[in-house]
Amino acid sequence: MQVIYEDNHVIIVAKQSGEIVQGDKTGDRPLSETVKDYIKQKYQKPGAVFLGVVHRLDRPVSGLVVFARTSKALSRLNDMFRLGQVHKTYWAIVATPSQGRCDGGRAVMDGQWHELEHWLVRNEQQNKSYAYDHEVPRSKHAVLRYRSIGRSERYTLLEVQLLTGRHHQIRCQLAAMGCPIRGDLKYGARRSNPDGSISLLSRRVEFVHPVSKELIAVDAPLPSDPLWEAFGGKK
């Protein structure tokens with residue numbers, strides 16, 4: 001665990017691929033407990049440590065996770081996430097499409113911002129979402145913006161901004177336009193990454209501090225992987 005930002009009300013850490021943010025049925029130790037231990041030891045806090053989980057990242061995804069250290073911050077951050085006042089930027093590595101386009105031209109890799117719109121249906125048993133071009137029963141509207149910001153012979157780096165927050169939204173929508181994320185077998189990648197990760201990074205988070213009202217803007221370190229490091233060196 002790497003702490004990127006902390007104060008009396010908020011702590012932001014860099015999650016590694018494979019970690020879970022909050023406890024689940026696997027019984028694996030979650031990141032939230034690691035953060036609690038860190039706070040308890042650093043500040044020599046007696047008794048239980050308060051830590052509020054305000055959002056999550058999928059297990060194979062790496063990058064920034066925001067936690068609340070006080071009940072006041074938790075309540076306000078929950079409202080801010082719900083109202084779209086916390087701005088998150090993701091980086092995703094996808095296979096470089098031929099002629100700058102994926103799957104018949106639905107994804108355009110020209111460096112400009114483009115909007116992607118679907119209706120997603122979540123399958124709880126499969127822990128997977130399915131994208132439709134039109135509204136269907138039980139679907140939720142999903143919108144994101146993307147642009148290409150780096151390219152190699154085999155891979156393209158996309159910057160993604162979520163305009164809605166849906167289950168597996170980036171993974172599902174990029175796959176639906178013919179550009180599954182590198183290593184994401186669940187959504188159509190041809191092969192897995194050696195460490196079991198998918199090449200999706202919660203790269204940047206920006207918001208007005210829920211208590212001090214100062215602007216907080218932080219970036220996540222890149223995963224320890226030659227491809228990530230090659231792209232990062234160009235930014």
Side-chain angles (χ1 to χ4, degrees), residues 1-92 127 144 159-171 195-198 200-225 228 232 235:
M1 180 196 76
Q2 182 177 353
V3 177
I4 306 300
Y5 172 90
E6 65 178 305
D7 60 31
N8 291 336
H9 296 278
V10 175
I11 183 167
I12 305 173
V13 304
K15 170 190 171 306
Q16 295 184 357
S17 168
E19 291 182 311
I20 54 174
V21 173
Q22 197 171 26
D24 62 11
K25 61 184 179 181
T26 65
D28 293 341
R29 181 176 174 81
L31 179 61
S32 58
E33 292 300 317
T34 303
V35 176
K36 284 182 182 180
D37 287 346
Y38 164 83
I39 294 171
K40 187 177 184 67
Q41 293 173 13
K42 180 174 181 178
Y43 299 100
Q44 299 181 346
K45 286 187 169 290
V49 172
F50 178 90
L51 190 74
V53 177
V54 294
H55 72 113
R56 298 167 181 80
L57 290 181
D58 296 340
R59 186 166 196 154
V61 178
S62 57
L64 299 174
V65 182
V66 181
F67 294 98
R69 290 192 55 195
T70 62
S71 57
K72 177 189 292 187
L74 176 61
S75 175
R76 293 179 182 179
L77 281 169
N78 280 335
D79 288 340
M80 290 167 64
F81 270 91
R82 179 175 55 83
L83 295 172
Q85 295 172 347
V86 178
H87 304 289
K88 294 187 293 180
T89 300
Y90 292 80
W91 282 6
N127 189 32
L144 61 75
E159 186 171 60
V160 179
Q161 295 179 345
L162 286 175
L163 302 184
T164 56
R166 308 302 184 200
H167 177 258
H168 289 183
Q169 182 177 337
I170 297 175
R171 300 168 65 182
D195 61 359
S197 69
I198 66 174
L200 178 61
L201 173 71
S202 175
R203 173 62 170 171
R204 185 173 179 84
V205 64
E206 300 177 60
F207 59 93
V208 174
H209 193 284
V211 179
S212 71
K213 304 306 178 184
E214 296 180 359
L215 177 64
I216 305 298
V218 295
D219 292 327
L222 297 180
S224 180
D225 173 271
W228 275 118
K235 307 318 297 172

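Positions are given from 1 along the sequence.
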- Pairwise distance OG(S62) to CD1(I198) - rounded to 0.5 angstrom: 8.5 Å
- State whether the side chain of K15 and the backbone N or O of R59 hold a donor-acceptor pair below 3.5 Å, judged by distance alone. yes
- Task: In sequence, state the C-alpha distance, the side-chain angles, and the governing distance for L162 and Q169, and then conclude on side-chain contact (heavy atoms from CB on, under 4.5 Å).
- Result: CA-CA 8 Å; L162 286 175; Q169 182 177 337; 3.5 Å; yes
- Smallest heavy-atom separation, R76 atom then V211 atom, equals NH1-CA, 3.9 Å
- Item | Over-ring placement of R69 relative to Y43, 6.0 Å and 45° cut-offs | yes
- Query: When rounded to the nearest 0.5 angstrom, what distance separates CG in D225 from CG in D195?
  - Reply: 7.0 Å
- Could you give me the CA-CA distance, side-chain angles and deciding distance for V3 and M1, then say whether side-chain contact (heavy atoms from CB on, under 4.5 Å) is met? CA-CA 7 Å; V3 177; M1 180 196 76; 3.8 Å; yes
- Query: Can you tell me how far NE2 of H87 sits from CZ of F207, rounded to the nearest 0.5 angstrom?
  - Reply: 11.0 Å
- Message: Less than 4.5 Å apart, side chain to side chain, heavy atoms only: is that true for E206 and I216?
- Response: no
- Step by step, work out the side-chain contact (heavy atoms from CB on, under 4.5 Å) result for E33 and L51. CA-CA 9 Å; E33 292 300 317; L51 190 74; over 6 Å; no
- Under 3.5 Å, is there a donor-acceptor pair between the side chain of H55 and the main chain of V66? yes
- Query: With distance as the sole test, does K88 use its side chain to make a donor-acceptor pair with the main-chain N or O of V205 at under 3.5 Å?
  - Reply: no
- Hey, does the side chain of H168 reach the backbone of R171 with a donor-acceptor pair shorter than 3.5 angstrom? no
- Message: Assess whether a salt bridge exists between R203 and E159, defined as any Lys/Arg side-chain N lying under 4.0 Å from an Asp/Glu carboxylate O.
- Response: no
- Query: Between the side chain of E19 and the main-chain N/O of Q16, is any donor-acceptor distance below 3.5 Å?
  - Reply: yes
- How far does CH2 of W91 sit from CZ of R204, to the nearest 0.5 angstrom? 10.5 Å
- Message: What I'd like to find out is whether the side chain of Q2 reaches to under 4.5 Å of the side chain of P221, using heavy atoms alone.
- Response: yes
- Query: Closest approach of I170 and L200, non-hydrogen atoms and distance?
  - Reply: CG2-CD1, 4.0 Å
- Query: Looking at side-chain heavy atoms only, is the closest gap between F67 and L77 below 4.5 Å?
  - Reply: no
- Task: Mind telling me whether H9 and H209 have parallel, tilted or perpendicular rings, with 30° and 60° as the class edges?
- Result: perpendicular
- Task: May I ask you to check whether Y38 and K36 show a side-chain donor-acceptor distance below 3.5 Å?
- Result: no
- Between A220 and S202, what is the shortest heavy-atom contact and its length? CB-O, 3.4 Å
- Item | Spacing of I11 atom CD1 and I39 atom CD1 [to the nearest 0.5 Å] | 4.5 Å
- Task: Ignoring hydrogens and angles, tell me if any N or O in the side chain of S32 forms a donor-acceptor pair with the backbone of V21 under 3.5 Å.
- Result: yes
- Query: Looking at CG of L64 and CG of L201, how far apart are the two atoms once the value is rounded to the nearest 0.5 Å?
  - Reply: 7.0 Å
- Main-chain N/O of P60 paired to D58 side chain as donor or acceptor, under 3.5 Å: no
- Report yes if some heavy atom in the side chain of I4 is under 4.5 Å from a heavy atom in the side chain of V13; otherwise report no. no
- Query: Below 4.5 Å, heavy atoms only, C-beta onward: do E214 and V208 meet side chain to side chain?
  - Reply: no
- Under a 4.0 Å N-O cut-off, is there an ion pair linking R82 with D79? yes
- Message: side-chain contact (heavy atoms from CB on, under 4.5 Å), that's the test. Do V65 and L57 meet it? Break it down for me.
- Response: CA-CA 7 Å; V65 182; L57 290 181; 3.8 Å; yes
